[in-house]
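Worksheet for the structure shown next.
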Amino acid sequence: MSDELVAALDIGGTKIAGALVRETGALTVRARRATPARASGPTVMAAVRAVLDELTASPQWSRVVAVGIGSAGPVDASVGTVSPVNIPGWRDYPLVSQVRHAVGGLPVTLVGDGVAMAAAEHWQGAARGCANALCMVVSTGVGGGLILDGRPHLGPTGNAGHIGHISVDLDGDPCPCGSQGCVERIASGPNIASRAVADGWRAGPEGAGAAAVAAAARAGDPVARASYERAAQALAAGIAATATLVEIELAVIGGGVAGAGEVLFDPLRRALRDYARLSFVRELSVVPAQMGTDAGLVGAAAAAARASDVAGFGAAAQARSERRVGPRGPRRLGA
């Protein structure tokens, strides 16, 4: 086993997390800051630097050979910039050069957070051994990443699979991305909660977030249940469109909203049967993610290790997928 480490950052609208990652996927040193999402670009970057400062202060930092970043998108990995929809102070922000400077010139790899999650789930999670899958993060926003032919598919700028900004309601509400009726505008946690409140749901002492709406839906509240069913329908429409386009066999869903469990997955699977009608997508399965909140960090590390040719880091899982006979591989349970 190699003693080399990869540093990883997971940057989203709620938190900025960092860790040092072993080739087994185990996280050693960790750091975290809240994302000042409505602040200026330099203020957001100061939070990133604070996380990096904790990591670089560790005695283990001397073993770090590369840095991976999984960021809310869109990103442009071809030039190293990010423009997260939920962080308005970052527009074409030169994140890679800023991080490279902060870590003394180590190689830095940038991918979208959905791509990072997909890489993690394919390496060690729910998409292990699966040749063609869509992995989604449903949380403050909705992101996604693709596994095609047994490996993560990044696209030219690192945004391939960004399902959150597929429009599924032509007359829907405007989305911060500039379009309207996007999956994210319906199915993200804040939008599930705001829809429930607008339709008359009253929050209790536990608050008014998506988790509280899920608890109310579980207890039988019809308005809370309807908000989750609407979110599930939007997700199903986006998943079915993706499956029709690239023939995935599995959809993996993680993020805070997936924590609702069957409140989300039951109506999602029902809706998917209505949308995925063609013969080659009818057997599409939907399963919960397995990597939890560490998925972005593990996947960012795997992406950086692959780009920098660091031994280990998901090579075995990728080789298993590439050795399989046939383009689709075994079916997964959970449809």
Side-chain angles (χ1 to χ4, degrees), residues 1-12 15-32 51-52 54-56 58-71 99 103 106-131 133-137 139 143-147 150-154 158 161 250 252-255 258 287-324 332:
M1 180 181 294
S2 169
D3 65 350
E4 293 178 332
L5 300 173
V6 172
L9 293 172
D10 179 14
I11 301 174
K15 57 90 168 79
I16 298 164
L20 304 186
V21 185
R22 295 193 178 107
E23 67 174 40
T24 60
L27 276 58
T28 59
V29 181
R30 293 175 180 260
R32 180 178 173 131
V51 169
L52 287 170
E54 285 194 44
L55 299 182
T56 58
S58 165
Q60 297 181 47
W61 182 262
S62 62
R63 293 158 52 197
V64 171
V65 294
V67 180
I69 306 171
S71 174
V99 170
V103 298
L106 286 172
V108 178
T109 299
L110 170 67
V111 294
D113 57 356
V115 172
M117 182 259 198
E121 292 292 337
H122 184 238
W123 178 12
Q124 295 192 340
R128 271 181 303 184
C130 184
L134 169 68
C135 300
M136 300 177 62
V137 181
S139 185
L146 289 166
I147 303 297
R151 64 180 66 197
H153 179 71
L154 278 60
L250 180 71
V252 177
I253 301 182
V287 299
Q290 295 178 357
M291 295 297 294
T293 56
D294 289 339
L297 291 167
V298 173
R306 187 176 294 111
S308 300
D309 198 25
V310 181
F313 287 92
Q318 180 172 308
R320 281 197 301 272
S321 291
E322 291 174 348
R323 282 198 301 267
R324 291 202 323 201
R332 305 299 297 265

Looking at every heavy atom in both Ile69 and Ile11, which two are closest together, and how far apart are they? CG2-CD1, 4.0 Å
If you measure from CE on Met291 to CG on Leu297, what distance do you get to the nearest 0.5 Å? 9.5 Å
Side chain to side chain contact (heavy atoms under 4.5 Å, CB included), paired with Met117, selected from Val111, Asp10, Ile253, Val137: Val137
To check you understand the geometry: which heavy-atom pair defines the closest contact between Val29 and Ser58, and what is its length? CG2-OG, 3.3 Å
Correct closest heavy-atom pair for Leu20 and Ala7 would be CD2-CB, 3.8 Å
Locate the shortest heavy-atom distance separating Ala126 from Ala289; write the atom from each residue and the value. CB-CA, 4.4 Å
Are side-chain heavy atoms of Asp294 and Arg30 found at a separation under 4.5 Å? yes
So which atom in Pro152 and which in His122 form the shortest heavy-atom distance, rounded to 0.1 Å? CD-ND1, 4.5 Å
Are Arg22 and Leu5 side-chain neighbours, meaning at least one heavy-atom pair lies under 4.5 Å? yes
Output yes when a side-chain donor or acceptor of Gln290 lies under 3.5 Å from a complementary backbone atom of Glu121, and no otherwise. no
Here the pair of heavy atoms bringing Gly25 nearest to Val298 is O-CG2, 3.8 Å
A side-chain contact here means heavy atoms from C-beta on lying under 4.5 Å apart; do Leu52 and Leu9 qualify? yes
Under the 3.5 angstrom rule, does the side chain of Gln124 hit a backbone N or O of Thr24 as a donor-acceptor pair? yes
Side chains of Arg151 and Arg306 in contact at under 4.5 Å (non-hydrogen atoms): no
